[in-house]
Every structure is written in C-alpha cells, then in structure tokens.
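Below is one structure, written out as structure tokens; the observations come after it.
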Amino acid sequence: MNSEAPQPLVLFMPSGKRGHFPIGTPVLDAARSLGVYVESVCGGRATCGRCQIEIQEGNFAKHKIVSSLDHISSKGPKEERYERVRGLPEGRRLSCSCTVQGDLVVDVPQDTVINAQVVRKAATDRVIERNPSVQMCYVEVDEPDMHKPLGDLDRLKAVLEKDWGWKDLQVAPYLLTEVQKILRKEGWGVTAAIYRDAESARPLMIALYPGLKNEAYGIACDIGSTTIAMHLVSLLSGRIVASSGTSNPQIRFGEDLMSRVSYVMMNPDGREAMTKAVREAVNTLIGKVCEEGGVDRHDILDAVFVANPIMHHLFLGIDPTELGQAPFALAVSSALQLWAHEIDIDINRGARLYTLPCIAGHVGADAAGATLSEGPYRQDKMMLLVDVGTNAEIILGNRKRVVAASSPTGPAFEGAEISSGQRAAPGAIERVRIDPETLEPKYRIIGVDKWSDEPGFEEAAAATGVTGICGSAIIEIIAEMYLTGIISENGVVDGALSARSPRIFQSGRTYSYLLRDGEPKITVTQNDVRAIQLGKAALYAGVKLLMEKQGIEHVDMIRFAGAFGSFIDPKYAMVLGLIPDCDLAEVKAVGNAAGTGALMALLNRDHRRDIEQTVRKVEKIETALEPSFQRIFIDAMAIPNKVDAFPHLSTVVTLPERKVLAEDEGNGEGHHPRRRSREERAARRQRG
Ligand code: FES
C-alpha cells in the first residue's frame, strides 16, 4: 500500500485546467506549468501586482475538491509590503508569493467583459480569457565588467533567458541604438516587451523601458465601409479602457464598396488617396481612445484589425481592383503580421499589427472576426450568421462544417435608393405600426421615445423634425404593409385601397403609401418596395444556397452582426422573408461581432490560430455561379417567400391570406409572366 499522501489538486478557473502539485509550490508556477495564463511583469518580486488570483472557498463536488483559504500559505513579508504600499482588493492574493498547501480552486480574474447586450437585455456578458502576444518582463541586468566583455544587449538577453526562459530572442532593430541609454536610466533595471504570437514562434523584443513598466496596451479595430470602430485595451489586465468610432473618410470617394473600387480604377492616385485617408482616420481614432482612456499612444504595443476585403486591401495599401470583378481575387487571404509603423500607424515604434484572415473575395476579415466571436464552428447547432450591409456576408455552419457566401443586397437596407430613405440619425423613423382597420400609421423616430400618436410627440420631434426612414425601419414598414394587406405577397401596392384610405395614393402608374404628410412628405413608393424586395431576395437566396449546401431545411439559430442587425426586429425581418424561418427566441442581434472577434484575437493569441484554422476549412460558395440562384432568388422576391414555409413565424404572427391583385393575375402560380421576366432580369442583375 502506498503510504504517501496524494499531492494537492489545484483547479484554475475559468480555464478549468487542473493538476496535482507538491505542497509549497507557488501558485503562479502551478498555473504556468498547466499553461494557465497569469500575468506577471516583475518576475515574482511582488512589485507589479499583476499576478493576482482569488481562492474560491467551498466544496466543489463536481471536481471532488474542497477548497479553503487554509489551503494556501499566509501572506509573507513581500506580499504584505505590496498590500501596504499599493493595496490589494479584498480576497485577492499575489500568486507569485503564495504557495499551495492543500486542494484549491483558483480563480484567475479576467477583466475583459464584453457587454454583448445590444438590443435585448437577455444577451449575456462574455468573458475573454487572456493570453496576449505581448508579455512585459522586468529584469535586473548585470552591470558591465571589463573582465567579462559581453555587450549590454547580450547581458540583457542572457538575463531574460535566465529569469523568463526567453531563448533565441530576436530584437527589434530600432532598439540597438537605444539599449545602452535605457539600461543605464534606472540602474540596470528594465522592462522588456516580448512579442510572441505563437508558442512555437521565435520571441521578439519589441520595446524596452527603464525600470518597471507596468502598462501595455493594445487596440482592436474594425474598419467598415461606413464606420471605423476601435477598442483600447490593457494587455496586462484585459480591461477595455476606451471604445470609440468614427466615420470612414473614404465615403467621400464613394458611398459603397464598388464605387470605391471604381474610384481606384478611374483615378491614377485613387488607391493612394484612399489608403492615406483610412490610415489617417485610424490614427485620429487612436488619439481619441487614448485621450479618453488617459493612455499614451506609444504604450500601445499590439494592434489587431478586421475589415471587409476591399477595406482590408486599401488599409494595407493594396490595389483592390481585382476584387471588383469575377473571380474576385484577393491579393492575400491569410492572416498577416506586420510592424505597425510599416503602414504608418502611429503607436509604439516596435508595435506589431495583426490582421485576421479573409474568408473569400467578398467575405472578409470582418466576417472572420464575427465567426470567431459567435463561433458557429464551436457548436452542434446550425447557426446562421449574417452581416447585412450593401453586401451581406453570410456564414452558416456548426462543428462539422461551415460554409460562407456573400450576397449583393444593395444599398436599400442602408436607406439609399429609397425615396424617403436616410442613414440612421436623430429624426429618422425607426419603428412603424400600421392599423389593419384604418391603415393609419404610427411611428417612432430616433431620439424621441414617444410614438407619433402620443401626446407631446410633435413637440419632442420639433428639435430634429421627422426627416426620413432609416434602413431598419424600412424592413418594418414593408412588413407592416404586407401584414395589413396594403401590398400583396408579390409586393404590389393595392390601388383599390385608395378608396378606403387617403394614405394610399396614385403616383404615376403605381400606388404609394403616405407615412407622414408634412415637410418633408414621407412616402413608401412601389419602387421602394421593389428595392427592398431585391435586397431581401438577394440575402435570402444567399442563405438558401448555403442551406442547400449543408443539406438542411431549417436553421437552429440566427445571429445578426453589424449595426443594421442591432436595430431590426427579427419578427419583421422574418415576415419580410429576409431570413429563413427559425424559433424567434433564437434570433439575436450581436452588435459589432467583427470588432469583438478582433478583441478576442488581441487578448488571446490562441484565438488567432483558431480562426486561421477555421477559415482554411470554411467552404466558400460563389452565389453568382450557382445554377439554382435564379430560381431561389425569384421565389424569394415574394413576401415572405413563394415556396418556403414559416412555421415558427406563423405561431406569433398571422400571415395574411394570399391576395391576388389585378397586376398579379394571369399567372397560375401567382406570377405574372411579365413580372416573371422582370424578376429574372433583376436576378441576372444581382448576379452581376
Ligand atoms: Fe509581480 Fe507577482 S509577479 S507581483
């Protein structure tokens, strides 16, 4: 019989990694040996305070651990000194200074909490476990000795290997001219910033500071065609220090992506001008988040960027012309590692920059970021992830297989090409209801809480006026017009209703719906309905093609990424047939998921490998080349759809009886031959 007592069991949370350790093992060492990331800058001198942990007390039956504060050593003089001088929050210990005395459950606090709550309160906060690419390492370097003529940098490297285990260390070339001055500034104590993007990569010293440098920051940035969004994050605690956004100044070269590609094609220095504009905007935004967070921009040592393929190329200075035409060839699709200064990003001289991989010519690093964030590939359920913009990026998959496509939805969802459309801004109509009896509308505008039929609305709206309809509201209006019978399933405004309500009026050869009489007059025209039908049919056709590839009839969950998705009501999106039928409880807006993905890749280098591998496996479908696209597109022009059923939706909304209008007649399947050919032309246009 073995008389030796078993070694204590230590479980680290939230990673769940566990192992047995001899009594007296420093908790920091136990964490390290299991690959649990616990920050440490001072190398266990109990001066940086970065290695804090918390002991969870209690009986953790599932893990067969009884964890108690008695199972950890009491505070020694170094830890007590730190507590006295710097203060330790209640319950926190310095893991470098306390040792294992019995079974323990150790909580490694993670400060990065993404508030994923965008629209509905039910969304949960998410914690990103940290394992950044940059590590700050304090060392005390031997002073020079005439009898041991080893260079200053060589002695620095030697001590970094001895104290921190950094073997075969590379040094950023710019440091060669700085190293002697820095070493002497604070009596040979220095903090080296070591960058290692992967466990197997050669470590690289990217910055060197005199004394103990207990700060290091990173930025995660999403460059969208309209907006650039950025988080500034402490790499040492994971805390999001500031988040901000700015509009993409490239808008002045063209509203949408294709017009920017055209600008490059037509103007010899167009690419250069757009690259300069976006880099300047990024630098200005860095200034803004740094000011907000009280951070020196030169303390930013790592940067992660996501963008759609055209923004990605322009940001990197690559001509995007090839992305403007089939076969939509990317200059580079894999993840990239650069020096930030190489592309004029003004942060620390040694800062690194990482871009997530692009999935395909129309499905970019932003979609990769959203995929990383929402993780269809991490679960069994079939998840549909859509980012609706002028070009919708669509990902569909689960643990077994992920497929991706893009669909040219056009600018209608952003309010463009809609007669009363506008971008989301104060004064824009964002919600609409239509009374099925009287056909009278009521609406809400951005910036005012009251509905238009409530007392005080006009006074509250006076400041901005009621200026137009934003993209998310257009979905709602068209869906409401369908639910109240104002338009047929083919999207035709029923002129006969003009006898019942002055809201329906003739304009030219078609009819329109008057949403608000006044200055400006806000109407929904037949052409507006058509523009939305084209956009929604393009999106739905893309989704449906991916469903066919997956061999599935329905999806289990739907995630809307992007600003547009945050404001649309899933019920109306489904009534319109923008998305396939699904349990409405499983349809959620996830906000800027691309930006969240960038943040994950910034704070945990393992996420970089994860998404790089995932993207390599994603199957890309070019919708325009699929023979069934035209058929699916034409069926999807109908509201919600000519052939597909919406059983989940039917449990919450009574869809109207099929209504055949004069213009719809003469067609056994509900399609007028003239319209069919028109829709076929539209389908062909969508396919480019
Ligand atoms: Fe610096 Fe523990 S490692 S205080």
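Reckoned from all heavy atoms, side chains included, excluding hydrogens, waters and symmetry mates. First listed ligand is number 1; within each ligand, the first listed atom is number 1. This is a predicted model, so every value here is computed, not measured.
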Backbone of Pro22 reached by a side-chain donor or acceptor of Thr25 within 3.5 Å = yes
State, to the nearest 10 degrees, the angle whose vertex is atom 1 (Fe) of ligand 1 and whose arms point to SG of Cys42 and SG of Cys48.
-> 100°
Under 3.5 Å, which donor-acceptor pairs do the side chains of residues 193-212 form with other protein atoms, sequence neighbours left out?
unit_1 : atom_1 : unit_2 : atom_2 : d
Tyr195 : OH     : Gln337 : OE1    : 2.9
Tyr195 : OH     : Arg608 : NH1    : 3.2
Arg196 : NH1    : Glu199 : O      : 2.9
Arg196 : NH2    : Glu199 : OE2    : 3.2
Asp197 : OD1    : Gln337 : NE2    : 3.3
Asp197 : OD1    : Arg608 : NH1    : 2.5
Asp197 : OD2    : Gln337 : NE2    : 2.7
Asp197 : OD2    : Arg609 : NH1    : 3.0
Asp197 : OD2    : Arg609 : NH2    : 2.5
Glu199 : OE1    : Arg605 : NH2    : 2.3
Arg202 : NE     : Asp168 : O      : 3.0
Arg202 : NE     : Asp168 : OD1    : 3.4
Arg202 : NE     : Asp168 : OD2    : 3.3
Arg202 : NH2    : Asp168 : OD1    : 3.3
Tyr209 : OH     : Asn348 : ND2    : 3.4

min-distance protein heavy atom vs atom 3 (S) of ligand 1 -> Ser40 OG, 3.3 Å
Can you list the atoms of ligand 1 that are under 4.0 Å from a heavy atom of Ala46?
-> 4 (S)
For ligand 1, which atoms have a heavy atom of Cys51 less than 4.0 angstrom away?
-> 2 (Fe), 3 (S), 4 (S)
Metal proximity, Cys96 vs atom 2 (Fe) of ligand 1, N/O/S cut-off 2.8 Å | yes
Hey, does the side chain of His231 reach the backbone of Ser243 with a donor-acceptor pair shorter than 3.5 angstrom?
-> no
Distance-only donor-acceptor check, side chains His147 and Asp145, under 3.5 Å = no
Under 3.5 Å, is there a donor-acceptor pair linking the side chains of Asn398 and Gln379?
-> no
Top protein contact for atom 4 (S) of ligand 1, by heavy-atom distance = Gly49 N, 3.1 Å
Would you find a donor on one side and an acceptor on the other, under 3.5 Å apart, between the side chain of Ser333 and the backbone of Leu330?
-> no
Atoms of ligand 1 under 4.0 Å from any heavy atom of Gly44, numbered from 1 in the order shown, are 3 (S)
Heavy-atom contacts with Thr47 under 4.0 Å: which atoms of ligand 1 show up? List them by number with element.
-> 4 (S)
